[in-house]
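Quick notes on the structure that follows.
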Amino acid sequence: MLKIAGFMLDEDDVLKLASGIVEREMDSTNAMLRILEEVEFKGKKAIHRSLYWPPGTHERKLCVIMRSRNDPKEHRRKYKEILPKKEDMIWLEWMVCWLECFVDVDPLADTIPPRYAYESDDEDELADFSVVGSSRGAPDVDVTIVLGDNREALGQVLIVANGEAGAVWGKGAKLGEQVGQVSVNKRAIGLVFKPSWAASPVIVSEALTRLPVWAMHAYAEAILGRWKPSRVVVIDAYSTATYISATPIPHHEAPLRYLQSGPVNADLPLSSPSLAPFAPPNLLQSTAAAFLSIIALPGSSPISKATPSALAILLPSPRVHKPAPHTFSSEADVDDVLPSWNSENAEFWDPAVAREGHRVLLSSVGCKDSAIKWQGETDKSGSAPVRRRVAEVEGSIAAPVDPNAPTFHPVSSRYPANELVGELEPKDLEWLCAGGFTTETQIYYNFLEDGTFVMCQVIHSSIGIWYPTVQFTFTMYNPTTKERVWRSSNVTNFVSPAPGLDKRSSKSDSFAITFKSKPGTDNPESFTIFAQVAEDVQITLEVTRPASAPGWKIGKGPKSGFSYYGPDVEKPEGSVFHSFWPRTQCSGHIIYKGQAIPANGPGMYVHAIMGMRPNLIASRWNFADFQSNEHGGVSAIQMELTTPDAYGLNGAGSGGVKVNFGSLVLGGKLVCVTAETTLPEEDKPAETQFVSRAFHHNTIIDSDTSHAQPKELEFVWSGPSTLSDAPGQVSASMKVDVGTPTQPKGLVEKVDVLAEIPAMLKAVVNYVAGTKPYIYQWTNPTTLKVTAPDTILPGASSGLDIEGYLYNEATFVS
């Protein structure tokens with residue numbers, strides 16, 4: 001039993017309270033009192049009356065005490081100075097004890113005490129406070145605004161959805177496709193949308209990275225100057241944990257609040273009980289304040305005359321807001337500025353509150369259509385999720401994680417030999433279209449009869465905040481003329497499944513990809529691709545898979561094909577998935593600049609899903625696609641990733657793990673699937689049951705990219721035959737000379753990833769300081785050396801040299 005302010009609490013009560021503190025990551029005593037309200041203690045009301053301090057004081061007291069606890073003498077002195085009352089001493093000593101037991105670091109170390117607009121007494125002043133001057137001026141602020149349509153009308157109502165609250169609102173507001181971007185010092189800060197439900201442009205601001213204080217005013221001024229809005233409506237958040245009000249308000253009862261500048265909009269439901277003013281002495285310190293202050297202060301900017309009024313709609317947040325960063329985020333800060341938009345965080349944002357905020361916003365911009373509803377996440381019963389009570393999380397405190405436990409679980413090590421080859425199911429070809437930090441792609445590679453290389457790729461990129469960006473990319477490279485055709489465009493109205501089809505098919509305004517199934521035939525599966533890639537490029541292709549070369553993934557069962565990131569496979573931090581058609585045949589034509597080019601030849605297809613930020617999935621990639629029409633059809637494909645430092649088999653810092661998988665098609669039949677895991681600096685024997693490896697030889701630093709480009713690459717496969725009537729070991733290898741950076745051989749392109757990927761994904765990758773991701777793409781004629789039983793390919797037991805074409809990539813992420 002534990003005695004607090006004269007009341008006895010048993011172990012169950014204490015566990016409920018402590019569990020609530022840890023589960024919610026609260027760092028405010030106000031919030032803990034709300035937890036006390038939720039736990040059904042005997043004498044709850046009496047506890048509340050005896051312990052409640054004036055709002056805004058106990059946070060600062062706790063902060064001072066917690067920060068002095070490493071100096072015992074100073075610790076005791078602070079207790080006596082700050083806590084003259086015995087009951088206060090008992091309460092705060094108990095709370096500090098629990099905080100130190102359950103939180104590894106100072107819970108207030110990552111933020112600061114809240115600021116309010118009121119006068120200070122002499123006793124509050126710090127005697128040793130002094131202002132230290134600085135010779136450094138404010139950093140330069142370069143604001144760049146790029147719009148898809150520069151003819152956009154001016155003088156409309158401008159909507160700015162700011163920060164985490166703005167991102168949550170934007171996810172359910174049907175904003176449509178991104179039409180522009182506002183960058184500050186080459187960082188994507190504002191993403192511009194033009195929703196169909198309003199004439200107003202919408203800027204989703206600081207959803208990807210936060211602005212330093214010194215950049216806020218210039219950013220807001222540039223936006224107001226560009227659009228010259230008649231009115232500005234901002235969606236942001238306020239912290240219920242630090243908000244001062246006459247009567248204490250628990251978070252679950254906290255209203256939306258508004259801050260108005262200029263004439264009051266008659267359409268606003270200001271008398272609604274769910275809407276209240278954001279009142280003094282509370283301060284708004286986000287970028288929203290920059291917009292409102294420019295408009296509210298006459299003469300501060302010429303823009304204030306053009307925009308007579310502004311409204312901030314503030315959603316209640318249970319978290320204490322962190323102060324604005326001093327500079328743009330570095331790699332160490334990336335998880336703080338890029339919240340993972342998952343179901344756990346969703347509970348902090350009650351959809352009912354977001355819907356009410358959406359309703360107020362529609363009223364403020366003069367939109368009368370009640371059918372335009374905000375659609376957010378719902379629970380399984382279809383109702384809005386609510387905050388969990390402390391009693392529901394009893395026993396939820398996780399055991400300490402072994403620091404040497406694996407943080408990466410490679411698919412290449414998870415299955416025995418007899419379960420390594422997994423047959424594809426329909427779902428393995430379906431579009432997942434997931435939210436969160438997920439990038440999904442389906443790619444069709446083919447070599448035409450004259451050796452011309454063709455690639456059609458659909459990329460579905462989402463960061464879980466609003467509707468995703470979808471790109472269709474087309475590449476054609478003629479090795480004889482050296483002409484490269486590259487076209488890429490953001491598509492509109494992407495849907496999967498396409499009407500009347502399943503999720504293996506998709507369509508948009510500019511392309512349609514249709515999956516067809518013909519079981520029992522020589523070509524049981526196919527994709528038909530119709531695409532208007534650009535004004536000068538149109539595609540009509542049919543890509544078929546022969547029955548003798550079935551699609552594959554690594555492993556059998558529900559988790560097959562997936563490598564997982566994080567200590568817990570059941571609740572992974574991320575994942576990566578691949579499925580393949582190792583041998584395909586395309587037929588059709590490509591119209592380029594009015595000329596029809598016959599498009600017939602072999603190739604392959606891959607479906608890949610990266611369920612985490614790209615820079616966390618891999619630091620390196622290698623890919624090989626060899627195709628030949630000799631010996632009845634030959635294919636050798638391989639995919640390899642190298643994990644970043646945080647993800648390895650022995651905890652964080654043990655990264656650099658290579659996961660490699662591939663396959664061999666000989667005589668038109670899938671005869672071997674390989675998979676191998678290689679640890680950093682591991683010296684593996686050349687001969688094992690499964691070998692699947694890629695090597696870079698004679699590397700040289702490329703001054704264009706700063707990466708170590710190989711002059712020669714080597715790919716190796718070895719594994720048991722998958723054919724029951726032709727057992728034995730199958731092996732293959734090939735080397736390709738790609739030249740040097742100044743004298744390349746078969747170089748299709750050095751792809752500057754940040755220049756060509758979608759803007760939102762670019763912003764994500766660009767968080768990592770110094771990251772300069774590049775993809776080297778080569779296509780060359782080469783020779784595949786094969787050894788296999790003669791029952792698979794006549795003469796193969798003595799070794800065969802097979803001539804063909806190789807397309808390969810070497811990707812450097814970091």
Side-chain angles (χ1 to χ4, degrees), residues 421-424 428-429 441-449 451-459 473-477 504 513 515 523-529 539 541-554 561 577-588 599-609 621-640 660-675 692 694 715 717 722 732 734 736 748 775 777-782 784 786 802 804-809 811:
V421 185
E423 296 180 1
L424 295 190
D428 296 320
L429 303 180
T441 184
Q442 296 195 13
I443 314 175
Y444 307 84
Y445 302 94
N446 286 93
F447 291 96
L448 307 188
E449 292 174 344
T452 295
F453 170 73
V454 171
M455 179 180 73
C456 298
Q457 179 179 20
V458 181
I459 309 171
T473 299
F474 170 79
T475 299
M476 183 169 64
Y477 176 77
R504 289 173 289 185
I513 299 178
F515 175 84
N523 298 291
E525 295 179 306
S526 67
F527 287 100
T528 302
I529 304 172
I539 301 169
L541 288 179
E542 184 176 26
V543 178
T544 60
R545 179 188 66 78
S548 58
W552 61 269
K553 60 185 175 181
I554 297 297
F577 169 85
H578 288 89
S579 64
F580 300 90
W581 284 1
R583 176 80 174 178
T584 64
Q585 183 71 26
C586 78
S587 60
N600 305 296
M604 64 160 287
Y605 157 85
V606 60
H607 180 200
I609 304 171
W621 291 89
N622 282 301
F623 170 67
D625 170 25
F626 173 89
Q627 301 292 336
S628 172
N629 285 329
E630 294 185 3
H631 300 281
V634 174
S635 163
I637 66 173
Q638 191 177 107
M639 183 78 74
E640 180 185 85
N660 188 305
F661 36 83
S663 68
L664 297 170
V665 172
L666 301 177
K669 299 179 180 179
L670 178 65
V671 300
C672 182
V673 173
T674 62
S692 201
F715 300 92
W717 298 258
T722 58
M734 65 180 170
V736 59
V748 178
I775 304 172
Q777 300 173 330
W778 297 279
T779 181
N780 287 283
T782 191
L784 182 72
V786 174
I802 301 173
Y805 289 99
L806 169 68
Y807 170 77
N808 67 293
E809 296 180 352
T811 302

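Since the model is a prediction, treat every value here as computed from it, not as a measurement.
Here Leu424 contributes atom CG and Trp581 contributes atom CH2; the two are 9.0 Å apart, rounded to the nearest 0.5 Å. Atom CD of residue Glu809 and atom CH2 of residue Trp621 lie 10.5 Å apart, to the nearest 0.5 angstrom. Expressed to the nearest 0.5 Å, how far NE2 of His578 lies from NE2 of His607 amounts to 10.0 Å. Atom CG of Leu784 and atom OG of Ser635 lie 9.5 Å apart (nearest 0.5 Å). Distance CZ/Phe715 to CD1/Ile637: 12.5 Å, rounded to 0.5 Å. The OG1 atom of Thr473 sits 5.5 Å away from atom CD of Gln457, with the distance rounded to the nearest 0.5 Å.
Counting heavy atoms from C-beta on, the side chains of Pro550 and Arg545 come closer than 4.5 Å. Looking at Asn808 and Phe626, their side chains never come closer than 4.5 Å, going by heavy atoms from C-beta outward. Side-chain contact between Leu670 and Arg583: absent, with no pair of heavy atoms (C-beta onward) separated by less than 4.5 Å. Side-chain contact between Leu429 and Glu525 is present, with at least one heavy-atom pair separated by less than 4.5 Å. A heavy-atom distance below 4.5 Å is not found between the side chains of Asn446 and Gln585. For the pair Ile529/Ile513, a side-chain contact is recorded, criterion being any heavy-atom separation below 4.5 Å from C-beta on. Looking only at side-chain heavy atoms (C-beta outward), Phe623 and Met639 come within less than 4.5 Å of each other. Two residues are said to be in side-chain contact when any heavy atoms from C-beta on lie closer than 4.5 Å; Tyr445 and Val606 meet this criterion.
Of all heavy-atom pairs spanning Pro546 and Pro524, the tightest one is C-CD, 4.0 Å. Scanning both residues, Val634 and Glu630, for their nearest heavy atoms gives CG2-O, 3.4 Å. A pairwise comparison of heavy atoms in Gly804 and Ser628 identifies CA-CB, 4.0 Å as the closest pair. Closest non-hydrogen pair, Pro582 versus Gln627, comes out as O-NE2, 3.6 Å. Counting all heavy atoms, side chain and backbone alike, Gly588 lies closest to Asn600 at N-OD1, 3.5 Å. Nearest heavy atoms, Leu448 versus Ala599: CD2-CA, 3.7 Å.
Not one N or O on the side chain of Thr674 forms a donor-acceptor pair closer than 3.5 Å with the backbone of Trp717. Using a distance-only test at 3.5 Å, with no hydrogens or angles considered, a donor-acceptor pair links the side chain of Thr584 to the main chain of Gly603. Of the possible polar contacts, none joining the Thr782 side chain to the Leu806 backbone as a donor-acceptor pair under 3.5 Å is found. Not a single donor-acceptor pair under 3.5 Å links the side chain of Gln442 to the backbone N or O of Tyr605.
Surrounding CD of Glu423 are at most 12 heavy atoms belonging to other residues, nucleotides or ligands under 6.0 Å away. Within a 6.0 Å sphere centred on NZ of Lys553, other residues, nucleotides and ligands contribute more than 12 heavy atoms.
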With a cut-off of 3.5 Å and sequence neighbours excluded, list every side-chain donor-acceptor pair involving residues 660-667.
unit_1	atom_1	unit_2	atom_2	d
Asn660	OD1	Ser692	OG	2.5
Asn660	ND2	Gln638	OE1	3.0
Asn660	ND2	Glu640	OE2	3.1
Asn660	ND2	Ser692	O	3.4
Ser663	OG	Trp552	NE1	3.1

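In this structure, Phe527 and Tyr444 have perpendicular ring planes: the angle between them is above 60°, well past the 30° mark.
Evaluated for a ring-ring contact (aromatic ring centres under 6.0 Å, His included) with Phe453, the options Phe474, Tyr807, Tyr477 yield exactly one hit, Tyr807.
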